[in-house]
Structures are given as C-alpha cells and as structure tokens.
There are 2 protein chains.
Amino acid sequence: MHSPELLKGTLQTIVLKVLKDHGRMYGYEITQRVKELSDERILLTEGALYPTLHKLEAEGMLKTESESIGKRVRKYYTLTPQGKSLVKERVAELADFIKTMSNVLQVKLA
Amino acid sequence: MHSPELLKGTLQTIVLKVLKDHGRMYGYEITQRVKELSDERILLTEGALYPTLHKLEAEGMLKTESESIGKRVRKYYTLTPQGKSLVKERVAELADFIKTMSNVLQVKLA
DNA sequence: GTCTAATGCCTAAGACAATTATGTATTAGG
DNA sequence: CCTAATACATAATTGTCTTAGGCATTAGAC
C-alpha cells in the first residue's frame, strides 16, 4: 500500500479512466479493478469512492442505472459525453504531472 | 502550473531530493531550483515550504545554519545522516507510486 | 445450521497538507 | 522614487481523504 497522501487528487482521474476503459461498472467493481490494476497497491476506500461517484454524477459526468441482483441492488455508472471529455483532460494532466515529477526526482521510468 | 491537489504528499520528497542533489541550500533557493527543474510547473508556495522545512528540522532530518548576507539573514539547510536515509525511502516510494499510476492509467512514459 | 468473509451501498466526523492571505524587511533596477 | 525580486515567517481557511460508523445480502467453511 502506498502512502495514502500521495493518492490525493488522483481519485477522480482513476475512477474516470477505469470507467472509460471498462464501460459500465458499479462501485464495488471499481475498487476491485483498481486493486487489480495497481497490484494491490491502491485500495480505494468506500468513504472516498462513493462521495466521488456522487459528485461526478451531480456534475453530469456520469449517469447511473440501478439493477437488482437477487435482493441486492447494484448501481451502475457510465460516462456521459461530458465525462468522456473530462477523462482525457484529467489523464493528460496527471500524465504530465508524472513526467514533471520524474524530472524533478530524476527517476528513470522503465 | 499543475492542479495543486496533485502535489499533496510530494512536497517533503521534493525538498529532500533537491537538498540531496545540491547540498546546502536556503529556502528561497529551493523554490527557484524546483521551479527550474519542473519547467515552471511546480511553484512551491512559502506557506507550504517553510512549515515543511521546520518540520523536517524538528524531526532531525535537516540541520540549519544562519548566515548574514549584508543585512539580510539566510537560513541554510543541510541533510543529516537520518535525512539522507529518509530521501532514499521517500524517493523510492514516490517512484513506485508513479509506476503504479502509470499502470493504472496505462500511460506511456517516454 | 451457523458464523464469517465477502459483496454492496451509504454518510459523518475528523485529520492533514496545502493554499491563500498576511506581515516584515532588504536589495536591485528602471 | 517606486516596484519587483529576494528572504524569512505565521494564521485562517479549504479540500480531499481516512477513519469510523451503519445497514443488508450472499457464499462458503466447519
């Protein structure tokens, strides 16, 4: 697990990007996917994830559909067209940030 | 300038690393060096820098010497042996974080 | 058959690092 | 003379996240 401080500011970008690549997903699924992609290093907490999803929805970046699985309800999220634009922006921004940090730290990126 | 949220958690690492590479430095000098290394993208604010330097000093990671330049006083910071260990840790941690993020975002790092 | 871990959603209180806003003072340059 | 750059510093506020709750269903172990 990474020092959680480093994750700050990256959560929205991660969520958006995973949704872009995978399409329709529900909250829990997103946490699992990120866990997998990050090799257990990024463990999204629910207290951070759900507020973020709700915020992105309120801003019109995501739309939702609820689906019943047995007696359980799943809430699926999909990117809106606006959301798709935002992903590009955010990913570009974070990629640029990563490159800048690599320069400053003079770290080689294999 | 980057979205400032992304910087969170990286400030200590940046300061430590710059001090390791350049040796004895004073606060203002650090801001200028980081600005240069980051191609104007990372502009350390004083409200963040000085508290960080003081904190690292209080933890025994840095030692200080004051020097008079004309009527002005400069406070020079140098890494202690403990500080040198910390740099390695922090840089390794951040490098690992960067790699993880690159995987999750599937960004190519030229 | 019962108990635990995993699945699945959610909100609220608090921590923490950084931004923004100040304050003070010196020095170089137009 | 006045402004921008140099140089230090602290306080109030902001924002994102962690921690800590709460609720309910389902699969699997024993």
Side-chain angles (χ1 to χ4, degrees), chain A residues 1-16 24-36 38 40-59 62 64-77 90 93-94 97 101, chain B residues 1-16 24-36 38 40-59 62 64-77 90 93-94 97 101:
Chain A
M1 183 60 174
H2 285 297
S3 162
E5 276 309 322
L6 293 175
L7 262 316
K8 294 241 174 178
T10 64
L11 181 56
Q12 269 199 19
T13 308
I14 291 172
V15 168
L16 288 166
R24 195 165 169 272
M25 294 177 91
Y26 54 97
Y28 185 77
E29 194 183 5
I30 294 173
T31 65
Q32 298 309 301
R33 180 81 182 126
V34 171
K35 185 176 166 186
E36 189 192 330
S38 69
E40 313 272 306
R41 284 185 181 82
I42 300 178
L43 306 173
L44 300 188
T45 59
E46 299 175 313
L49 177 67
Y50 290 111
T52 295
L53 287 170
H54 301 160
K55 191 181 174 224
L56 287 171
E57 189 189 0
E59 288 166 353
L62 304 177
T64 63
E65 304 158 83
S66 289
E67 203 166 289
S68 293
I69 310 292
K71 283 180 179 169
R72 236 185 245 169
V73 175
R74 269 187 202 160
K75 218 165 147 186
Y76 281 93
Y77 292 87
R90 285 281 205 280
E93 184 184 42
L94 190 45
F97 173 72
M101 285 305 284
Chain B
M1 183 61 175
H2 285 295
S3 164
E5 276 310 321
L6 293 175
L7 260 318
K8 296 240 173 177
T10 65
L11 180 57
Q12 269 201 18
T13 307
I14 290 172
V15 168
L16 288 166
R24 195 165 168 272
M25 294 178 92
Y26 55 98
Y28 185 77
E29 195 182 5
I30 294 174
T31 66
Q32 298 309 300
R33 180 79 182 128
V34 170
K35 187 176 166 187
E36 191 192 330
S38 69
E40 313 273 304
R41 283 186 182 83
I42 300 178
L43 307 174
L44 300 187
T45 59
E46 298 173 311
L49 177 67
Y50 290 112
T52 295
L53 287 171
H54 300 160
K55 193 183 172 220
L56 287 170
E57 189 189 359
E59 289 168 351
L62 303 177
T64 62
E65 303 159 85
S66 288
E67 203 165 290
S68 293
I69 309 293
K71 283 181 181 170
R72 232 186 249 167
V73 175
R74 266 189 203 157
K75 217 165 148 186
Y76 280 94
Y77 292 87
R90 285 280 205 279
E93 185 184 41
L94 189 45
F97 173 73
M101 284 306 282

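Below, each value reflects all heavy atoms present in this structure, side chains not excepted, and no hydrogens, waters or symmetry copies. Keep in mind that this is a model prediction, so the values were computed, not measured. Sequence lines set the chain letters: A, B, ... in the order given, protein chains first and strands last, and positions in each chain run from 1.
- The B/K55 side chain lies nearest to C/dA17 when the options are D/dA9, C/dA18, C/dA17.
- Distance CG (B/L43) to C1' (C/dA18): 14 Å, rounded to an integer number of Å.
- A/K75 has its NZ atom 15 Å from the C1' atom of D/dC23, to the nearest Å.
- Between B/T45 and C/dA18, a side-chain N or O to OP1/OP2 separation shorter than 4.0 Å is absent.
- An OP1 or OP2 oxygen of C/dG8 is reached within less than 4.0 angstrom by no side-chain nitrogen or oxygen of A/K71.
- Side chains of B/R24 and B/E65 form a contact here, defined as non-hydrogen atoms less than 4.5 Å apart.
- Between A/I69 and A/P51, it is A/I69 whose nearest contact on DNA chain C lies nearer the 5' terminus.
- Counting to the nearest Å, the P atom of D/dG15 and the CG atom of A/L11 are 17 Å from each other.
- Ranking D/dT10, D/dA5, C/dC9 by closeness to the B/R72 side chain, first place goes to D/dA5.
- Taking every side-chain heavy atom of B/Y26 into account, D/dC8 is the closest of D/dC8, C/dG8, D/dG15.
- Rounded to a whole Å, the CG atom of A/L7 is 14 Å from the C1' atom of C/dA17.
- Per the geometry, CD belonging to B/E46 stands 11 Å off P belonging to D/dA7, to the nearest Å.
- Counting heavy atoms from C-beta outward, A/T10 and A/I42 have side chains that stay 4.5 Å or more apart.
- Of all heavy-atom pairs spanning A/E29 and A/M25, the tightest one is OE1-CA, 3.3 Å.
- Atom-to-atom, CG of A/L6 to P of D/dT18 comes out at 11 Å; the value is rounded to the nearest Å.
- For C/dT11, the OP1/OP2 oxygens have a side-chain nitrogen or oxygen of A/H54 closer than 4.0 Å.
- For A/K8 and D/dT18, the shortest distance from a side-chain N or O to OP1 or OP2 is not below 4.0 Å.
- Taking the side chain of B/R74 as heavy atoms from C-beta on, and the options C/dT11, D/dT26, D/dA7, the nearest nucleotide is D/dA7.
- Heavy-atom distances to DNA chain D give each of A/L49 and B/Q32 a nearest nucleotide, and the one nearer the 5′ end belongs to B/Q32.
- A sub-4.0 Å separation between OP1 or OP2 of D/dA9 and a side-chain N or O of B/Y50 is absent.
- Residues B/L53 and B/L49 meet the side-chain proximity criterion, which asks for heavy atoms closer than 4.5 Å.
- At the heavy-atom level, A/G27 lies under 4.0 Å from the strands shown only through sugar-phosphate atoms.
- Between the CG atom of B/L53 and the P atom of D/dA9 there is a distance of 8 Å, given to the nearest Å.
- In this structure, the side chains of A/L44 and A/L7 stay at 4.5 Å or more apart for every pair of heavy atoms.
- If you measure from atom CD of A/E29 to atom C1' of C/dC9, you get 14 Å, rounded to the nearest angstrom.
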